[in-house]
Amino acid sequence: MSETPDTTAAEIPTLFDFAAAEPGLTKAWQDAGLFRAQAERTTRLGGDRDPFTVLIPPPNVTAVLHVGHGLNNTVQDVLIRWRRMAGEEALWLPGTDHAGIATQNVVEKIIAKEGKTRFDLGRDAFVKRTEQFVEETGGVILQQLKAIGASADFSRTAYTLTPELSSAVREAFVRLYEKGLVYRGHRVIHWCPRCLTSLSDEEAEFHDSEGAMHHVRYLFADDPSQGITIATTRPETILADVAIAVHPEDERYAAFVGKDVLLPMTGIRLPVIADSYVEKDFGTGALKITPAHDANDFEVGKRHGLAMPVVIDPTGKMNVMHADDVHRIPADLVGLDRFDARKKIVKLLEASGALVKVERHANSVRRCYRCETVVEPRLSDQWFVKMAPLAAPALAAVKDGTIRLLPEKHEKVYINWLEGIRDWNISRQLWWGHRIPVFTCENLHADAYREDPTACRQCGARIISQDADVLDTWFSSWLWPISTMGWPNADAKDLKAFFPSDVLVTAPEILFFWVARMIMAGYEYMGEPAFHTVYLHGTVRDMQHRKMSKSLGNGIDPLDVVERYGADALRWTLIQGMGLGVDVMLDPNDLDKSFAPGRNFATKLWNIGRFILLQVGDDAIAPLPIDAASLRLEDRWILGRLDAAIAECDAALGPARPAHGKWPEQERQMGMRLDAYAEAARRFVWNELADWYVEALKPRLATPGADREIARSVLVHVFDHGLRLLHPIMPFVTEALWQRLPGQGAGRFVAVSAWPTRRTSGDVGAEFEVVREAIDAIRTLRAEYGVQPGHPIKAFVAASEKAAPLGAASALIQRLARCEVIVGAAPTGAAAQAVLTSGLELSLPLEGMVDLEKERARLQGELSNLSKQLDALRGRLSNEKFTAKAPPAVVEAERAKEREWAARCAQLEQKVQELVG
RNA sequence: GGGCGAAUAGCUCAGUUGGUUAGAGCAUCUCGUUUACACCGAGAGGGUCGGGGGUUCGAGUCCCUCUUCGCCCACCA
């Protein structure tokens, strides 16, 4: 990048050497500091640039890049590059998440190979070991992001466990604690017996499973000849039963309420109680109550003041937690795993005759989202956040259009979740994470402290302990939009300049885990929306529509794709295949199918550039605008097409933000159509600029003179702007080409060039469209009749204003269609015809070259088709309701169409007659 | 159990408030190396828009229903 490259053919190969070019471009961008955002330049700090902020969904610090990251980050990069070029102060803030459970699990696995558990190491040593692991392996993914072109501001790289972010987490906790929104709750929570921690509702994911419903008969204490049959899917919890419940209005059982039954196996006496929670119509209508091992039973137990014995220990084995409960577990079951115990208990029940029957039963079982172990409902003390007050503004923001979710369908899911919000269990019995800042003194006063205390705030006594638990990893993630910018320091420059942020790009899977909670945190701590747009993209799947995953072995390594096809190809494929919220299908067994089109497009771009550089040379270029009179047909046309492309790209991408704080109803679903943007830009550069304009220009470029200069100017202008339009998607090849354009060079970057805007002249160069149609029509006829490529033909067209462009472009038509067009001469004799829909009649005498009978049949077919269409059209037009009710513009368009089709039918009929005669 | 979404060409998908003869890429077939590009160019074939019903002058688009698939939520043991 240090010198202006020479533009000799020898030095421009026909393929873009992406492997050689990409690392250099990445380095050049970074060295030039193009992606470093400056708070002072934003309008919020008195500058003249609107800030545009995107926060990366922080990947786990130990993650390696997979294609899902590739998709997520490519979208963010496209947006950020687009707004940067639009002259805004664009900040893409990167970083990683310490990922509590996930990272702890990884390190536990590593030390397990040494035959150790975390308890063997002890808390401090384990945390140190994990820190060391993160230091060695962490952050790799951010380096990998550079390889796919990510234009993030790496000078601001954040990590949820830095001292700064940790203090933000602590401040956030203490504030909620002081407001009474954090509380200690004693209740049944989801417990992972493998990770040995509690989980939030969101972290305990439902999985469908084929279970068994066991019907078990409990006999009455006073009359063992009778009993009540209950149904359960978890027979092992029978040992912790404290009651049988029936519905108060269930006549079948009314007489039994108040009696005692005997628990099978242990013979413990249980009362029969009435509670309206029980559903009469489900199962047997009688329900065993196990308060310590089921969240609903816990509520029933509380209402009835029942005991809450525990029979399953934290590791999922049958063990009591309290000496009083020892008699609850038969000796030969003690210490058994819960699932082994289940089998054994079923046998015991069967042997004793208590097992009435076993039915297959499909149900959903919750599993740990990190290790898929079946979670165990467990009675314990945990810290909770009271969510209703936090949810209210987050709900209102989406309902009133302050924040929009794309695609729209997710708004309903979001609203539904928030309206039924439940309190958030934020304590985890882990060691890796932010330790809960609650301290207890000798006098057992517990309180939350911003700084580690030396004495009790209430009584001055010595502090004896800190809460052993750490916070849910998402308790730091939900602060990401503010903690990364310096909160709680209200004067932090970044916080002032870049918060609220703009667009959040992520997968729908973490809508509740993360997105909804960030919105809540934005309002709770800043009183503002964290962002105005949530873009929820699809999932990358294979051809069987399976999610790509390591375990299935159907993944695609983005870095492998970068190596084989280039980063631009990877990005192109991801973006052009990405409808709003639609999954992206890629074939892991045929990378070519997925990524060759992107590489091919990069090559095409490269060769357009190669041609232009070779033809145009290094001499100075006169900038536009150019006197309209000097422009030729194709010049005016391509400039018009550029304007159209700019308009389409802008419409597909924007608006970048709501104009007045809230999204107006008509704008709520607008923009963010990245696939439409990609297609509009591709079509302009390939199908218009390369296929037509460049072809039209070749002779002009070869002929020195004033017109060559015009051609050079327009050509460089439209290519330059085409590159700009494509740069956000394909940053590397566009940058490599753009820097070589005349007038650019070292120190100039398309990455920070101005996003194209439309010219003001309304001229779209419509005359050239007539030429294109003529060439298309002639080519079609040539192909249809197999006229030899070298065989010259002639066409005649009656002189008219409309035919004038054909005369002006006769050389072009001659070159591209191999056809001499003669304006003004009347066709004579029997001639096969190409008739243009634009109303021009172009006569091509094909006698001697084609089969006239075949031509007659072709015309006959066309005539018959068109007649049918015309009849239908006339039927519509003669319908009074249509003419009365349809908009006048539509009616007028239909009338014009009718005239045109009628004329063409007449022409066709005449030609058919001629050929018959 | 509740809610939401999808079904358009062989494949993956567009199709903006209903309004020309429903589009793109890939794949297929034919032709072509004209001095940027064969990772290219020219041309062609291919869809009763899942089935049925309705509203309307007009439906791929709106409504109902059925079928199939998918996602989210859920305290029926």
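Every value quoted in this text rests on a predicted model; they were computed, and no experiment measured them. Residue numbers start from 1 in every chain, and the chains themselves are labelled A, B, ... in the order their sequence lines are given, proteins ahead of strands. The analysis underlying the following values was restricted to heavy atoms, covering all of them including side chains, and did not include hydrogens, waters or symmetry mates.
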Among [options], the nucleotide that comes nearest once only the side chain of [X] is considered:
| X | options | value |
| --- | --- | --- |
| A:Gln615 | B:A36, B:A77, B:G19 | B:A36 |
| A:Lys885 | B:C73, B:A24, B:U56 | B:U56 |
| A:Trp901 | B:C39, B:U20, B:G25 | B:U20 |
| A:Arg610 | B:A74, B:A36, B:C39 | B:A36 |
| A:Phe206 | B:C75, B:U21, B:C76 | B:C75 |

What's [X] touching, base or sugar-phosphate or nothing? Going by heavy atoms closer than 4.0 Å.
| X | value |
| --- | --- |
| A:Asp542 | nothing |
| A:Pro887 | base |
| A:Arg366 | sugar-phosphate |
| A:Ala596 | nothing |
| A:Asp675 | nothing |
| A:Leu511 | nothing |
| A:Ala889 | nothing |
| A:Glu695 | base |
| A:Arg599 | base |

Between [atom1] on residue [X] and [atom2] on residue [Y], distance to nearest 0.5 Å:
| X | Y | atom1 | atom2 | value |
| --- | --- | --- | --- | --- |
| A:Arg876 | A:Glu894 | CZ | CD | 4.5 Å |
| A:Leu287 | A:His247 | CG | NE2 | 12.0 Å |
| A:Arg700 | A:Arg712 | CZ | CZ | 12.5 Å |

Nearest-angstrom distance, [atom1] atom, [N] to [M]:
| N | M | atom1 | answer |
| --- | --- | --- | --- |
| B:A42 | B:U34 | C1' | 12 Å |
| B:A9 | B:U48 | P | 9 Å |
| B:G23 | B:G5 | C1' | 24 Å |
| B:U12 | B:A27 | P | 15 Å |
| B:G32 | B:G15 | P | 39 Å |
| B:A74 | B:U17 | P | 33 Å |
| B:C4 | B:G45 | C1' | 39 Å |
| B:U68 | B:G25 | C1' | 27 Å |

A:Glu205 and A:Tyr369: side-chain hydrogen bond (donor to acceptor under 3.5 Å, both in side chains), yes or no, with the steps?
CA-CA 6 Å; A:Glu205 296 179 332; A:Tyr369 81 135; over 6 Å; no
A:Lys897 with A:Glu900: basic N within carboxylate O range, under 4.0 Å
no
Presence of salt bridge, A:Glu892 and A:Arg899, under 4.0 angstrom:
yes
Spacing between [X] atom [atom1] and [N] atom [atom2], to the nearest angstrom:
| X | N | atom1 | atom2 | answer |
| --- | --- | --- | --- | --- |
| A:Met585 | B:G25 | CE | P | 21 Å |
| A:Leu877 | B:G19 | CG | P | 17 Å |
| A:Glu648 | B:A24 | CD | P | 14 Å |
| A:Asp423 | B:C75 | CG | C1' | 16 Å |
| A:Tyr677 | B:C13 | OH | C1' | 20 Å |

Parallel, tilted or perpendicular: rings of A:Trp606 and A:Phe16 (30°, 60°)
tilted
Is the distance from OP1 or OP2 of [N] to the nearest side-chain N or O of [X] less than 4.0 Å?
| X | N | result |
| --- | --- | --- |
| A:Lys698 | B:U34 | no |
| A:Lys604 | B:G41 | yes |
| A:Arg815 | B:U35 | no |
| A:Arg422 | B:C75 | yes |
| A:Trp686 | B:G41 | yes |
| A:His361 | B:A77 | yes |

Would you kindly check whether a donor in the side chain of A:Arg876 faces an acceptor in the base of B:C57, or vice versa, at under 3.5 angstrom?
no
Do any N or O atoms of the protein come closer than 3.5 Å to N or O atoms of nucleotides 4-9 of chain B, and which pairs are they?
unit_1	atom_1	unit_2	atom_2	d
B:G5	OP1	A:Lys412	NZ	3.4

Only stems of 3 or more consecutive Watson-Crick or G-U pairs count here, both distances under 3.5 Å; name the ones for RNA chain B, or none.
B:1-7 with B:67-73, B:10-13 with B:23-26, B:28-32 with B:40-44, B:50-54 with B:62-66
Between A:Arg234 and A:Glu376, does the salt bridge (charged side-chain N to carboxylate O under 4.0 Å, His left out) criterion hold? Intermediate values first, please.
CA-CA 11 Å; A:Arg234 296 197 299 146; A:Glu376 195 61 35; 3.0 Å; yes
RNA chain B: 5'-proximal contact among A:Asp201 and A:Asn687 (nearest heavy atom)
A:Asn687
